[in-house]
Each structure stands twice: as C-alpha cells, then as structure tokens.
Amino acid sequence: MPHATAGRAENGKSQRTLARLVECTGQEIAESGSFTAERVAARAGTSVATFYTHLPTKDIALTAAFDAAMDDLVEVVDARLTVDALRDSLHRFARDFVDASLAFFAEKSLIFRCALARMPEYRPLREVYRAHQAQAFSRYARFVELGQAEGKIRRGDVESLARAFLVLSQGLNNPLALGLTESAPLRAELAGMVEALLAPDSETPG
C-alpha cells in the first residue's frame with residue numbers, strides 16, 4: 001500500500017506539472033505570440049528538461065495550450081447560452097454575449113492565431129479544433145432549440161440558425177474588434193447583429 005500511495009502522489013505531481021506547463025505555454029503565447037521551452041520553463045518554475053519530458057515537441061505544447069483555450073471558450077459560451085438570459089432580455093443577452101466573447105478573445109487571440117497558422121501542417125491541432133467545433137455546435141443548437149420553444153428565438157431551421165450564430169461569434173475574434181472601449185460604436189453594432197439574427201419576427205430590431 002505505501003508503494004501504491006507513493007505512485008498516486010507521483011502521478012498527481014506529474015499531472016500538476018503538466019497542467020502548469022500548459023498554462024504557462026498559453027500565457028507566453030497570449031503575451032508575445034510565441035513561446036520557447038526556456039521561457040515556459042522559467043515561468044513555470046521548472047527546468048527545460050522537465051518541459052520536454054511532458055511536452056516533447058513545440059507542436060505538442062501548442063496543441064495542449066490551444067486545447068485548454070478552447071475549453072475556456074466553451075466555459076464562456078456555456079455560461080451565457082441560457083434560456084434564462086433570453087427570458088430576461090434578448091437585447092441584454094446579445095450585449096453580454098458580445099462583451100464576454102470580446103474579453104475572452106482579447107486575452108486569448110494570439111493562441112488562436114498561432115494554432116490556426118500551424119493547423120494545416122499538424123493534424124492533431126486540426127483534430128482538437130474539429131472536436132471543439134462539434135462540441136460548440138451542439139451547445140448552440142440546443143440553445144436555439146430551447147429558445148425557439150420559449151418563443152424567444154425566431155422560427156427556422158435549428159441547424160442553420162445555430163451554425164450562423166456560431167460563425168458570427170467566431171468572427172468576434174477579429175483584430176478590428178479587439179480592444180474596443182465600452183462605448184465603442186462597433187461593440188454595439190456587433191451586439192445588434194446577434195440580436196437581429198436571433199430575434200423573433202415580431203421583435204426584429206429596426
């Protein structure tokens with residue numbers, strides 16, 4: 001039993017080290033648009049050898065950081081794609097959704113750019129992206145379906161509307177939209193696009 005306990009403790013420590021290295025890789029990319037094993041190891045308070053033990057190549061490290069960023073994005077989406085938010089106010093929902101998305105992409109945008117640039121050459125990155133795309137689409141589709149049932153989202157093909165909303169939301173990761181002030185007209189225009197896409201026919205803005 002002591003050996004088993006020691007083994008679990010060592011495994012737990014290894015997992016924590018890996019998580020910290022992935023986190024620091026993401027932080028390095030988010031701040032500078034690139035990373036090295038040396039910089040990540042220094043930020044994580046460990047050695048370069050430890051970095052390569054857990055993340056043998058830079059592609060593996062980038063994929064892990066991108067996967068973590070996509071997980072974070074799913075959390076942002078999950079927290080806001082709720083029927084309760086629609087019941088409160090579609091206008092407020094659209095503004096809150098855009099605000100949260102812009103804040104997320106302002107922090108993580110460079111991770112996405114690095115991953116997308118490398119994606120054509122590295123299959124595991126494409127697989128991570130596709131898996132999260134499918135996961136995100138299922139959430140958007142469920143949100144649209146529930147919103148339609150409540151009469152808070154316009155009628156129409158659930159799949160098409162969900163895909164349109166997903167594409168629109170991904171478009172918020174655009175350099176022109178990042179760093180907008182709270183009062184920037186573009187921020188209001190983007191929220192208006194979300195509202196116009198989802199609004200029931202009787203409530204369509206304009």
Side-chain angles (χ1 to χ4, degrees), residues 1-81 97-140 166-167 169-181:
M1 287 298 294
H3 292 293
T5 301
R8 286 195 297 271
E10 183 61 30
N11 186 53
K13 179 181 178 181
S14 178
Q15 291 176 341
R16 289 191 298 273
T17 299
L18 173 58
R20 177 62 178 156
L21 287 167
V22 171
E23 178 185 19
C24 290
T25 299
Q27 290 172 349
E28 282 290 324
I29 300 172
E31 290 177 9
S32 67
S34 66
F35 72 99
T36 65
E38 291 77 11
R39 296 205 317 263
V40 172
R43 182 186 286 261
T46 188
S47 68
V48 173
T50 298
F51 174 93
Y52 282 118
T53 295
H54 291 278
L55 302 167
T57 70
K58 289 191 71 174
D59 277 335
I60 290 174
L62 174 59
T63 301
F66 179 61
D67 192 19
M70 290 294 284
D71 284 342
D72 291 342
L73 180 56
V74 168
E75 288 186 13
V76 170
V77 168
D78 273 348
R80 283 154 185 88
L81 295 188
F97 181 85
V98 167
D99 285 348
S101 298
L102 291 178
F104 173 84
F105 286 126
E107 180 182 351
K108 308 279 189 178
S109 179
L110 291 179
I111 299 175
F112 283 76
R113 290 186 207 174
C114 286
L116 291 172
R118 183 60 183 145
M119 208 171 283
E121 306 298 326
Y122 193 59
R123 182 176 178 179
L125 264 173
R126 296 197 300 274
E127 291 173 346
V128 166
Y129 179 73
R130 288 168 182 163
H132 279 88
Q133 278 284 88
Q135 187 181 25
F137 174 71
S138 69
R139 284 165 164 77
Y140 279 73
L166 179 58
V167 169
S169 65
Q170 289 175 335
L172 296 173
N173 184 20
N174 185 297
L176 293 176
L178 303 180
L180 294 174
T181 64

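Fair warning: this is a prediction, and the values are worked out from it, not measured in the lab. The basis for the numbers below is simple: all heavy atoms, side chains too, and nothing from hydrogens, waters or symmetry mates.
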Are the side chain of K58 and the backbone N or O of A37 linked by a donor-acceptor pair below 3.5 Å?
no
Side-chain touch K108/L73, heavy atoms, less than 4.5 angstrom:
no
How long is the span from the CG atom in L178 to the CG atom in L110, to the nearest 0.5 Å?
9.0 Å
For the backbone of A106 and the side chain of S109, can you confirm whether one donor and one acceptor N or O come within less than 3.5 Å of each other?
no
Can you list the steps and then say if F66 with I29 is a side chain to side chain contact (heavy atoms under 4.5 Å, CB included)?
CA-CA 10 Å; F66 179 61; I29 300 172; over 6 Å; no
Verify, without hydrogens or angle tests, whether R43 (side chain) and L21 (backbone) share a donor-acceptor contact under 3.5 angstrom.
no
Rounded distance [0.5 Å steps], NE2 in H54 versus OG1 in T17
5.0 Å
Going through the distances and angles, do C114 and F35 end up as a side chain to side chain contact (heavy atoms under 4.5 Å, CB included)?
CA-CA 10 Å; C114 286; F35 72 99; over 6 Å; no
When rounded to the nearest 0.5 angstrom, what is the spacing between CE in M119 and CG in L62?
8.5 Å
With side chain to side chain contact (heavy atoms under 4.5 Å, CB included) as the criterion, how do D67 and H132 come out once you've worked through the C-alpha distance, each side chain's angles and the decisive distance to 0.1 Å?
CA-CA 8 Å; D67 192 19; H132 279 88; 2.6 Å; yes
Classify the side-chain pair T46/R20 by whether it contains a donor and acceptor separated by less than 3.5 Å.
no
Can a donor-acceptor pair be found, under 3.5 Å and without considering hydrogens, that links the side chain of R80 to the backbone of S101?
no
To the nearest 0.5 Å, tell me how far R126 CZ sits from Q133 CD.
14.5 Å
Less than 4.5 Å apart, any side-chain heavy atom of N174 and any of F105?
no
